[in-house]
Chemist: 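Please see the structure below; I have some questions.
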Amino acid sequence: MTVYAVNVADPRIFFSVETLRYPPAVIAPGPQAIYTITGIVPGTYNVFAYRNDDVSNDRGGPGLHSRYLLLCVPPPAVASCIDHSLLPVVVTSGQTVAGIDVKDWAYDALKTS
């Protein structure tokens, strides 16, 4: 998958990296992508990823680093977990930001139901 960090204030500023592993199709314990995006300039970013292995996948959208991950993961998720908005990540000079998980692949199914 390719992971993107897109600047909130100016989406023309973005960074990306490819990784060989991707999260499972549903939110559950399992293999997780490990990635590092280097050279990011300070700012606030939205982080999301697209799978590279199946361009015809039925999800049709990216995996997100979203508020859903804070509210509803790990399971058991409650029925009221509906906030899939992107969770901004603040990058400061000289600092490493860890734990930015791209695990919200379930939002598409919720939008159509």
Chemist: Can you list every salt bridge (charged side-chain N to carboxylate O under 4.0 Å, His left out) pair that touches residues 4-15, not counting sequence neighbours?
Modeler: Asp10-Arg12
Chemist: Taking the side chain as everything from C-beta on, heavy atoms only, tell me whether Thr36 gets closer than 4.5 Å to Val17.
Modeler: no
Chemist: Please tell me whether Val97 and Ile37 are part of a single hydrophobic cluster in this structure, the criterion being side-chain heavy atoms less than 4.5 Å apart.
Modeler: yes
Chemist: Looking at every heavy atom in both Met1 and Arg51, which two are closest together, and how far apart are they?
Modeler: CB-CA, 3.9 Å
Chemist: Over all heavy atoms of both residues, which pair between Asn46 and Pro88 is shortest? Give the atoms and the distance, please.
Modeler: OD1-CA, 4.0 Å
Chemist: State the CG-CD1 distance between Leu87 and Ile100, to the nearest 0.5 angstrom.
Modeler: 7.5 Å
Chemist: Given the rule that I, L, V, M, F, W and Y join up when any side-chain heavy atoms are under 4.5 Å apart, are Val90 and Val6 in one cluster?
Modeler: no
Chemist: Within the side chain of His65, is there an N or O that forms a donor-acceptor pair under 3.5 Å with the backbone of Asp101?
Modeler: yes
Chemist: With the 4.5 Å side-chain cut-off for hydrophobic clustering, are Ile13 and Val47 part of the same group?
Modeler: yes
Chemist: At what distance, to the nearest 0.5 angstrom, does OH of Tyr4 lie from OH of Tyr45?
Modeler: 16.0 Å
Chemist: I need the His84 NE2 to Asp104 CG distance, nearest 0.5 Å.
Modeler: 5.0 Å
Chemist: May I ask whether Val41 and Val8 are part of the same hydrophobic cluster, defined by side-chain heavy atoms of I, L, V, M, F, W, Y residues being less than 4.5 angstrom apart, directly or through others?
Modeler: no
